[in-house]
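What follows is a set of notes on a single structure, which appears directly below.
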Amino acid sequence: MIRVLIADDQALMRAGFRALLDAEDHLEVVGEATDGTSAVHLARCLRPDVVLMDVQMPGLDGIEATRRIAADPDLAAIRVLILTNYGLDSYVFAALRAGASGFLLKDADPADLLHAVTVVARGDALLAPTVTRTLISEFVAGPPPAVPTAGRDVLTAREQEVVELVARGLTNDEIAVRMVISPLTAKTHVNRAMTKLHCRDRAQLVVWAYESGLVAPRRR
């Protein structure tokens with residue numbers, strides 16, 4: 001059973017998400033928050049597996065709420081899935097940097113939302129590759145940081161290659177084809193890189209890849 005907390009200031013949106021999620025045998029909505037402050041409070045009290053987090057809420061917004069949840073060691077098992085009205089919302093990359101595990105459009109198909117919650121709960125994926133590529137294109141298309149993040153030397157050359165492909169938006173299966181290895185081996189490399197870099201999930205791995213300078217944004 002995957003336990004979900006819904007954080008959105010619109011009652012109609014919360015009701016719609018609840019109806020959709022509660023209709024699934026493996027999903028359970030354990031609470032609803034109307035703003036970021038209550039989202040953080042309920043996350044600490046209820047310990048859900050996934051928080052569906054709206055970005056723009058009164059008072060404490062979704063990004064800061066995500067940052068507080070991700071920064072709390074007691075809440076390390078909680079995954080945050082950001083909800084946004086806009087495919088190119090300028091807050092998205094900031095949300096990932098704050099500790100979110102991914103993001104989803106509010107007008108996504110119901111099946112996509114259910115799949116996203118399940119995937120994020122496993123800590124197994126970031127986003128659909130097409131969304132990842134759009135995100136990278138729009139929000140990381142700037143110069144690399146002047147001072148690269150420390151830690152690149154802990155990765156083997158093979159692991160660095162895998163991380164670069166993850167940051168380009170490739171799935172484990174696509175990485176396997178590109179590197180001529182099995183999907184299981186690709187997944188093992190990804191997991192080892194996340195462990196070495198202390199990344200919660202693939203979302204954090206993508207952020208690290210760009211902030212470390214391992215991957216340079218492609219110019220248009």
Over all atoms of both residues, closest heavy-atom pair of [X] and [Y]:
{"X": "Pro183", "Y": "Ala176", "value": "N-CB, 3.6 Å"}
{"X": "Ala167", "Y": "Ala209", "value": "CB-CB, 3.6 Å"}
{"X": "Ala108", "Y": "Asp112", "value": "CB-CB, 4.3 Å"}
{"X": "Ala39", "Y": "Ala7", "value": "CB-CB, 3.8 Å"}
{"X": "Ala70", "Y": "Gly99", "value": "CB-CA, 3.9 Å"}
{"X": "Leu46", "Y": "Gly31", "value": "CD1-CA, 4.0 Å"}

Inset, instruction - Determine whether the side chains of Asp35 and Ser38 contain a donor N or O and an acceptor N or O closer than 3.5 Å. - result: yes

Inset, instruction - Using side-chain hydrogen bond (donor to acceptor under 3.5 Å, both in side chains) as the criterion, list what pairs up with Asp22, not counting sequence neighbours. - result: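 Applying side-chain hydrogen bond (donor to acceptor under 3.5 Å, both in side chains) to Asp22 gives Arg18.
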
Side-chain contact, heavy-atom cut-off 4.5 Å: [X] with [Y]?
{"X": "Val177", "Y": "Leu170", "result": "no"}
{"X": "Leu83", "Y": "Val55", "result": "no"}
{"X": "Met57", "Y": "Asp54", "result": "yes"}
{"X": "Leu81", "Y": "Val51", "result": "no"}
{"X": "Pro58", "Y": "Asp9", "result": "yes"}
{"X": "His189", "Y": "Ile181", "result": "yes"}
{"X": "Glu28", "Y": "Ile2", "result": "no"}
{"X": "Val30", "Y": "Val4", "result": "no"}

For atom [atom1] of [X], decide whether the heavy atoms of other residues, nucleotides or ligands shown that lie under 6.0 angstrom number more than 12.
{"X": "His26", "atom1": "NE2", "value": "yes"}
{"X": "Arg47", "atom1": "CZ", "value": "yes"}
{"X": "Asp25", "atom1": "CG", "value": "no"}

Inset, instruction - Could you check Ser101 against Val80 for side chain to side chain contact (heavy atoms under 4.5 Å, CB included), going step by step and ending with a plain yes or no? - result: CA-CA 6 Å; Ser101 294; Val80 177; 5.7 Å; no

Legend entry - Residue pair Thr185, Ser182: steps toward the side chain to side chain donor-acceptor pair (under 3.5 Å) verdict: CA-CA 5 Å; Thr185 299; Ser182 72; 2.9 Å; yes

Separation between [atom1] of [X] and [atom2] of [Y], rounded to the nearest 0.5 Å:
{"X": "Trp208", "Y": "His198", "atom1": "CH2", "atom2": "NE2", "result": "11.5 Å"}
{"X": "Thr37", "Y": "Leu60", "atom1": "OG1", "atom2": "CG", "result": "4.5 Å"}
{"X": "Thr188", "Y": "Leu184", "atom1": "OG1", "atom2": "CG", "result": "4.5 Å"}
{"X": "Thr34", "Y": "Ile6", "atom1": "OG1", "atom2": "CD1", "result": "12.5 Å"}
{"X": "Met53", "Y": "Ile78", "atom1": "CE", "atom2": "CD1", "result": "9.5 Å"}
{"X": "Glu32", "Y": "Leu5", "atom1": "CD", "atom2": "CG", "result": "9.0 Å"}

Ion pair check, [X] and [Y], cut-off under 4.0 Å:
{"X": "Arg192", "Y": "Glu159", "result": "no"}
{"X": "Arg44", "Y": "Asp74", "result": "no"}
{"X": "Arg68", "Y": "Glu64", "result": "yes"}
{"X": "Asp8", "Y": "Lys106", "result": "yes"}

Inset, instruction - Go through the structure and list residues passing salt bridge (Lys or Arg N to Asp or Glu O under 4.0 Å) with Glu24, not counting sequence neighbours. - result: none

Inset, instruction - Go through the steps to decide whether Met179 and Arg158 satisfy the test side chain to side chain contact (heavy atoms under 4.5 Å, CB included), and finish with yes or no. - result: CA-CA 9 Å; Met179 298 180 65; Arg158 199 70 161 164; 3.5 Å; yes

Legend entry - Partner residues of Gln160 under the side-chain contact (heavy atoms from CB on, under 4.5 Å) criterion, sequence neighbours left out: Arg152, Leu155, Leu214

Inset, instruction - List the steps, then state whether side chain to side chain contact (heavy atoms under 4.5 Å, CB included) holds for Val117 with Leu113. - result: CA-CA 6 Å; Val117 170; Leu113 173 61; 4.2 Å; yes

